[in-house]
K.L.:
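What follows is a single structure, and I will ask about it in a moment.
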Amino acid sequence: MRIVLTFCIHFIIFFSTAQNQSGILDSISKVSIPEQSKLYNKLAKINQAIDLEKMNDYANKALQIAKNENQKDEQAQAYYFIGNYEYSKSNYEKAQIAFEKVVELINEDEVNNTDLYALNAKATSNLGLIMMERGKYFKALNNFKLAKTFFEKLERNDIIVQIDNNIGVVYRSVADFKMAVIYFEKAIQIEEKKPSASLGYAYANLGKTYHEMKVYAQADVFYNKALQIFTKYPDEKGLGELYNYMAELSLIKKDYVKAENHLKLAEKYFQSIDYPFGLSDTYYAYGKLNFQQNKLDQGLLYSKKMLSIGDELMTEETQANAHHLLSEIFEAKNNFSLALEHLKEYNRLKEGILSLDAVRENYETEKQLALQHQKAEYQVVKEKEARNKLFLIFGLILTTILIISFLLIKNHKKAKQAAILQKELAEFEQKALNLQMNPHFVFNCLAAISAFIVKNSNQDAIKYLSKFSKLMRLTLHYSNVSLISIDSEIEGLTNYLELEKLRFQNIFDYSITKDENIEDDCALPPMLLQPLVENAIIHGIVQNKDKRPGNINIHFEQKKEQLLISIIDDGIGIVASKKNKASSVVAHESMALEIISKRLDKMHKNEASFEIIDRQIEDNSATGTRVMLRLPLRFLAPHK
């Protein structure tokens, strides 16, 4: 089914002699009880590569003493050896419990012991192997990647290569062949520098990946490379799995003689190491081989052997495959009652097995969740940077205003004060460009302040600067929200109009009215009307020198589900204004109107609109411009 590199039995080879074991056994009775658990664990470690039964026996003795003496580190060691034993016997559920105990005990201790850290890494990796054998691929991948980080800290590159190989197996199991090839090739690249049986596993796995991708020529190439390595560096489990793979490929090619030869060798190697999991795959292939050749009795024999192993190991996938093959064989033998019985059992088991499509769907979900989490973290960082930038700008503006005010109040040495003030204003211009307001208006305000200073009108400058500062604060505040109340918009417009009146020496009057039936929480996008009012002043009122003072009337009213806003001036009107405008001004106005249009589209899509009408076209006795803005009703969210 899968070729994996275990750490349980093949992790480290311990060299010891019977004399060493005898010496340790003799000393056990002479030491204190807490020391006995350490000696029993040492014996288990010696027997790990010699006698698994003895290893398990010593580990259980060590565990019993360690529990009585509350020795968590010795308990972890003992559970590790017990987990190795259960894994070697394909008792995956018991092995999983043992390795989870290792991780639990070491984490609870929170020790910085290198040996225990390495033990935790090995147990975590072995949990990955167990999860992979049991078809729990997400947990397998998580355990392998976590174990890899542990071994990277321990600088164990030899084991990292093996984990990369196992990660490749997980990706192949969920049909993510691209990632599987990447990890197998990574393992091969390192292993080829110092060949061992591990290189044979990597070649076999890469061949199996191309096999499942139906690139059979490449699969053959890497199977042969794996066979050469295993011939030089024998490994019974690796050879058994490899011959199973080669048999499957021969079945696809309908080369039944070669398939049978491969299966005989696979069976021999798996029986030599008592590996029932591999044998179940061999018997499955034997069953298919005989079924395809219409040797139904032989196929029945191997299918039943496979089912027996599946029942013993309690692996649903093995059981399901066995029942499915048995159903096909009995149907071919015209024994429809038994065929139906096995088919029902296959369908029952299949419901509990996660399909490949479901596995891949879950993987995609996990990836999307991880990506969303990453984007959310990135967004938090960007928002924090934006807030810091805004606070910095506000601080710079406030500092600039305080400096300018201080210089004006002192009013010593007019010429020097004016020079310093102009310098500060130049810096202020650069900061103001970042605000969400028409930069043209900002520069006009700063120019007006400069003019007051040059004329020694310090009181006017301070008054103007105070109003300008208030407008800046409102603008900064509004930049953080998408909607503001109508009263807040009126406050901002009032500040702006007062500034323009002061700058243009009261050449116009204005009025802002709101219908009584408009609710207090009725809202609109901030600073939406300012560019339109600015156009009315600059391109309408200021140009109409025949009428002083001019008038600007702004009115808010609600009709059904719409908020209607009108801005009426008695300036020169649209037609006359276009004749007077220079190309740069036209570009500025066009850009302002385009920005408003885009804002409306973004906020309200097709629900909002505005139009600009020359009043003289509507009424020959009137002059000026009327702007009509229609917005869908929006309301501020209630405070929690």
Side-chain angles (χ1 to χ4, degrees), residues 390 394 432 435-442 444-445 466-503 508-538 540-541 551-569 589 591-605 607-612 625-639:
L390 195 60
F394 182 76
L435 295 175
Q436 293 184 1
M437 180 178 279
N438 187 343
H440 182 67
F441 161 70
V442 175
N444 285 340
C445 290
S466 175
K467 292 182 180 293
F468 181 62
S469 173
K470 183 176 181 181
L471 188 59
M472 291 299 101
R473 286 195 297 273
L474 287 173
T475 304
L476 284 170
H477 175 68
Y478 295 160
S479 67
N480 288 322
V481 296
S482 59
L483 291 173
I484 62 171
S485 68
I486 291 177
D487 290 339
S488 297
E489 178 71 5
I490 290 173
E491 182 184 5
L493 287 174
T494 301
N495 253 279
Y496 167 70
L497 287 163
E498 286 293 328
L499 279 171
E500 293 293 59
K501 277 190 70 174
L502 188 59
R503 181 160 75 99
F508 68 88
D509 292 321
Y510 67 89
S511 67
I512 303 177
T513 56
K514 181 181 77 168
D515 280 359
E516 293 180 356
N517 64 335
I518 294 179
E519 298 181 33
D520 292 339
D521 59 349
C522 189
L524 72 166
M527 301 302 294
L528 183 66
L529 305 181
Q530 186 271 333
L532 298 172
V533 176
E534 182 182 2
N535 280 341
I537 296 171
I538 303 300
I541 301 294
N551 288 284
I552 296 177
N553 300 309
I554 303 171
H555 181 63
F556 296 84
E557 63 178 315
Q558 178 182 334
K559 286 188 178 180
K560 294 182 180 179
E561 297 300 317
Q562 280 194 322
L563 177 65
L564 304 182
I565 306 167
S566 62
I567 303 171
I568 301 173
D569 68 73
E589 181 186 5
M591 186 177 295
L593 296 178
E594 182 181 352
I595 290 170
I596 292 171
S597 180
K598 286 183 178 179
R599 286 188 69 191
L600 290 176
D601 184 59
K602 182 178 180 182
M603 290 291 295
H604 305 292
K605 299 194 180 298
E607 299 179 85
S609 65
F610 75 96
E611 57 180 331
I612 304 174
T625 304
R626 177 164 61 89
V627 178
M628 289 299 299
L629 189 62
R630 293 177 177 83
L631 302 176
L633 282 180
R634 293 288 186 270
F635 298 94
L636 296 175
H639 295 289

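None of the values given here were measured: they were computed from a predicted structure.
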K.L.:
First locate atom CG of L524, then atom CG of L629, and finally report the distance between them rounded to the nearest 0.5 Å.
P.N.:
8.0 Å
K.L.:
Quick check: closest heavy atoms across L563 and A523, and the distance to 0.1 Å?
P.N.:
CD2-O, 4.5 Å
K.L.:
Is the shortest side-chain heavy-atom distance between F556 and L529 below 4.5 Å?
P.N.:
yes
K.L.:
What's the spacing between I512 CD1 and E491 CD if we round to 0.5 Å?
P.N.:
11.0 Å
K.L.:
Taking it one step at a time, do S566 and H555 satisfy side chain to side chain donor-acceptor pair (under 3.5 Å)?
P.N.:
CA-CA 5 Å; S566 62; H555 181 63; 5.9 Å; no
K.L.:
Give the minimum heavy-atom separation between L633 and K560, together with the two atoms involved.
P.N.:
CD1-O, 3.5 Å
K.L.:
Could you tell me if the side chain of I612 sits less than 4.5 Å from the side chain of N535, heavy atoms only?
P.N.:
no
K.L.:
Tell me the closest heavy-atom pair linking F468 and L499, and the distance in Å.
P.N.:
N-CD2, 3.6 Å
K.L.:
Given side-chain contact (heavy atoms from CB on, under 4.5 Å), test I565 with L532 step by step and report yes or no.
P.N.:
CA-CA 11 Å; I565 306 167; L532 298 172; over 6 Å; no
K.L.:
Measure the CG-CZ distance between N495 and R473 for me, rounded to the nearest 0.5 Å.
P.N.:
9.0 Å
K.L.:
E500 vs R503, test: salt bridge (charged side-chain N to carboxylate O under 4.0 Å, His left out). Steps then yes/no.
P.N.:
CA-CA 5 Å; E500 293 293 59; R503 181 160 75 99; 3.0 Å; yes
K.L.:
Nearest heavy-atom pair of P525 and L483: which atoms, and what distance?
P.N.:
N-CD2, 3.8 Å
K.L.:
Any heavy-atom pair between the side chains of E607 and Q562 that's under 4.5 Å?
P.N.:
no
K.L.:
Do Y510 and I541 touch side chain to side chain, with heavy atoms closer than 4.5 Å?
P.N.:
no
K.L.:
Only one of T513, L497, T494 clears side-chain contact (heavy atoms from CB on, under 4.5 Å) with I554; which?
P.N.:
L497
K.L.:
Are there more than 12 heavy atoms of other residues, nucleotides or ligands under 6.0 Å from atom NZ of K470?
P.N.:
no
K.L.:
For the residue pair N517 and E557, establish whether any side-chain heavy-atom pair is separated by less than 4.5 Å.
P.N.:
no
K.L.:
If you compare all heavy atoms of N553 against all heavy atoms of S511, which two are closest, and at what distance to 0.1 Å?
P.N.:
OD1-OG, 2.7 Å
